[in-house]
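See below for the structure under consideration.
Every chain is numbered from 1 and lettered A, B, ... according to where its sequence line falls, protein lines coming before strand lines.
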Amino acid sequence: MDTLSDLADGVVNGDESKVSALTAQAIDTEGSAKRILDDGLIRGMTIVGERFKAHEIFLPDVLMAAKAMYVGLGLLRPLLIEENVDSLAKVVVGSVQGDLHDIGKNLVGIMLKGAGFEVIDLGNDVSPSRFVEAAKEHDASVIGLSALLTTTMPVMKSVVDEVRSQGLGDRVKTIVGGAPVSEDFARKIGADAYGFDAANAVDKVKTLVGKN
Amino acid sequence: MRPTVRFLSDELLATILGEARTLLSKLGVEIHNEAVLTLLADHGAKIDVENRRVHLKGSLIDQALASVPSSFALYNVLGEQTHDFSGSNIHFTPGSAAINVLDDETSTIRTPDTRDYIRYAQVVSRCEHIASQSTALIPADVHERISDSYRLYLSLLFCEKPVVTGAFTIEAFPIMRDLQLAVRGSRESLAEKPLTIFSCCPSAPLKWSDVTSQNVVDCATMSIPVEFVSMPLAGFVAPVTLVGSLIQHTAETLSGIVISQLTRPGTPILYGGSPAIFDVRYETTPMGAVETMMIDCAYNEIGKHLGIPTQAYISLSDSKQLDAQAGLETSMGATLAALSGINNISGPGMLDFESCQSLEKLVLDHEICGMMLRMVDGIEPRDDVPALPRFEELIADHHLLISEHTRRHLRTEHLFPGPVIDRANRARWQEEGGTSLRQRAHREVERLLGEFEPSRLGVDVKADLTERMTVEARRYGMDSLPRCDA
Ligand code: B1M
């Protein structure tokens, strides 16, 4: 196995020390940090995502893999900056105003991070204007909204409307999810995507930012 | 002898309680409500202002526990007693606050409306083994800001049974209080004869939101009973072990008890919850998992040890339809809950991780509830000794079908579930249509709806309820309420 395949394997197994050692080795031997990122770390996480969807591995395995990936990413980051590699796409997430349920949203955030996105988590009970302001401030590509109460779902529409009314629709995409939310509802309020679970949310966000 | 089941040894129970108390004093509980922080500070709790963490000393917890009533009763809209929350008495209540209804005709889920809610209330009113109604659906044809109070309004209008409910916001509480005052007439008679129980949830781990802690305070102020619904999710926002989750549940519930009892000592409460294990394969909170049920039964033992009546979300299923999984998970939970003596057993009708109500499931579950109530009556001698005369009679007559002893005890000793549960022989079952359980359940729903008798609540009270609800609806831009004839 070459170093990068080995590195991907280390990520898959959530082996932090292996990922650390192999990333350091790859920095010495491979020329490009971008290649180490794509063919080592991200490739590992892609395999993890596929195995998770196939129910071969469970959530804690995904989180362990993500944690290991971040050890490698920490070593790579200065080189990525030097190489002028685009920073990771940013996603603002939060549970909408009036909603205190945040477990699903947290899970979506964790999985997005694991897939290599930079996540700005605004917490729960977040007003439409805070979502939009945060997206502008962080130059985020996606706003991810979570709602668990039928009574707070309408807030999602307010956020989508605010994104449009501020003329950000081309730059900032919206994705919605949560137990009472459906594909149909997402379409009705004009959201760009709907995710039925965390792995699905990651797939949809990748599509939104053109990475699928 | 009442049949019973136990999961915790005395020693383990004491350990769990001790660890929970240590958590509350050392780590504290996070509270996002200024008034509650002030209340606790006034009673000597140490507050870490920056992190909103309140450290609860053992003496404060003991003070609160000392004022909790060891029993209380509930009364229907007519003021008649329906519940006695004491000892090991059990009462069933439908699973609350579903997002969807399962439409039997189409086999699909949809958001409920006023018509669905009325049908639900009418069916519950005819289910003798289900002692209370819960505000089980959220009608989507009213403004979302009144959808919690509106379901209470419909319940009070269409069904006489007391109501297990809850507010989604702080602003919803006044109208939910006023609807109850309209039924009882005064604050005093509402306190004397409680009509509702409000579910109030801490957030795992060890946190109280502004809304839910304010709900606790508002209920206590009015002497409205509260059930604390702590939801540690084992393996995610709680330790993966059942003991670890129980420690967390105990700490969260004790903190709620402190808030309620310091607000108004003697406020009736149920030591409740809706914990679950977290299924790491599907990211779900299975209510039908055996471990979830074990946590429920075990915290019930802790509540009982503290001398407090109990509640749990335990007789429900995660299935998406009315199938074998729905029946088995519900009856497994109902059996354990009944044997444990959980006083208020929440769940009937519910599917899909507490998110979907089905009337067809409700009428099946109603029959399960009947069997459980029979079971806890236990095995008692009823004119059985001396046995000799009865056996002489049997041998002489070759049967006891019309014996005086049989006629005296048949209908109490044997329960006759049905028509959803089928006990016909195959030929008769075939002759009567060879129906599936689902078909029989649907037929039973229609039969109960056909038998519905309007609530005997006074016409003037009903008009008052409608007037108050209409005023509330106007605050949110609705000219009128959806049509419903009580
Ligand atoms: C950005 O893109 C995306 C993409 C995908 C996204 C996404 C975003 N967000 C989620 N997803 C998706 O991916 C996730 C991972 O697979 C999934 O997320 P989920 O969140 O669905 O799944 C989680 C991983 C696990 N699931 C959960 O965490 C939710 C489980 C249930 C049981 C639940 C819980 C745990 C809680 N609750 Co509440 N709670 C219920 C829930 C029942 C249910 N079946 O949903 C529900 C939602 N709650 C309800 C209620 C009524 C309430 N709750 C309340 C409180 C709580 C707790 C605090 C106790 C706790 C939440 C703790 C927390 N920190 O989040 C209160 C809410 C107060 C408020 N204003 O918010 C209160 C009002 C109760 C009260 N009277 O106090 C009901 C809603 C009724 C309705 N029709 O709207 C409810 C259906 C349960 C019930 N039947 O009563 C997908 O939906």
### Query
Taking NZ, NE, NH1 and NH2 as the nitrogens, is one of them in R475(B) or E472(B) under 4.0 Å from a carboxylate oxygen of the other?
yes
### Task
Please state whether the side chain, the backbone, both or neither of S355(B) comes within less than 4.5 Å of a heavy atom of chain A.
neither
### Query
Who wins among I103(A), D61(A), N106(A) for the most heavy-atom pairs under 4.5 Å with chain B?
I103(A)
### Message
Taking the basic N atoms (NZ, or NE/NH1/NH2) and the acidic carboxylate oxygens, is any pair closer than 4.0 Å for D39(A) and R35(A)?
### Response
yes
### Per-residue contacts, residues 138-146 of chain B versus chain A, heavy atoms under 4.5 Å
I138(B), E144(B)
#### Entry: Part of F278(B) within contact of chain A (heavy atom distance under 4.5 Å)
side chain
### Task
Could you tell me which portion of P180(A) (side chain, backbone, both or neither) has an atom closer than 4.5 angstrom to a non-hydrogen atom of chain B?
both
### Heavy-atom donor-acceptor pair, Q97(A) side chain to D125(A) backbone, under 3.5 Å
no
### Query
Given that the side chain runs from C-beta out, which part of L233(B) has a heavy atom under 4.5 Å from chain A: side chain, backbone, both or neither?
side chain
### E329(B) side chain to D318(B) backbone, donor-acceptor under 3.5 Å
yes
### Task
Apply the side-chain contact (heavy atoms from CB on, under 4.5 Å) test between R110(B) and each candidate in N100(B), L102(B), D103(B); give the one that qualifies.
D103(B)
### Message
For L351(B), is there any backbone N or O sitting under 3.5 Å from a side-chain donor or acceptor partner on K320(B)?
### Response
no
### Query
Under 3.5 Å, is there a donor-acceptor pair between the side chain of D148(B) and the main chain of F168(B)?
yes
### Query
Is the closest basic N to carboxylate O distance between D192(A) and K204(A) below 4.0 Å?
no
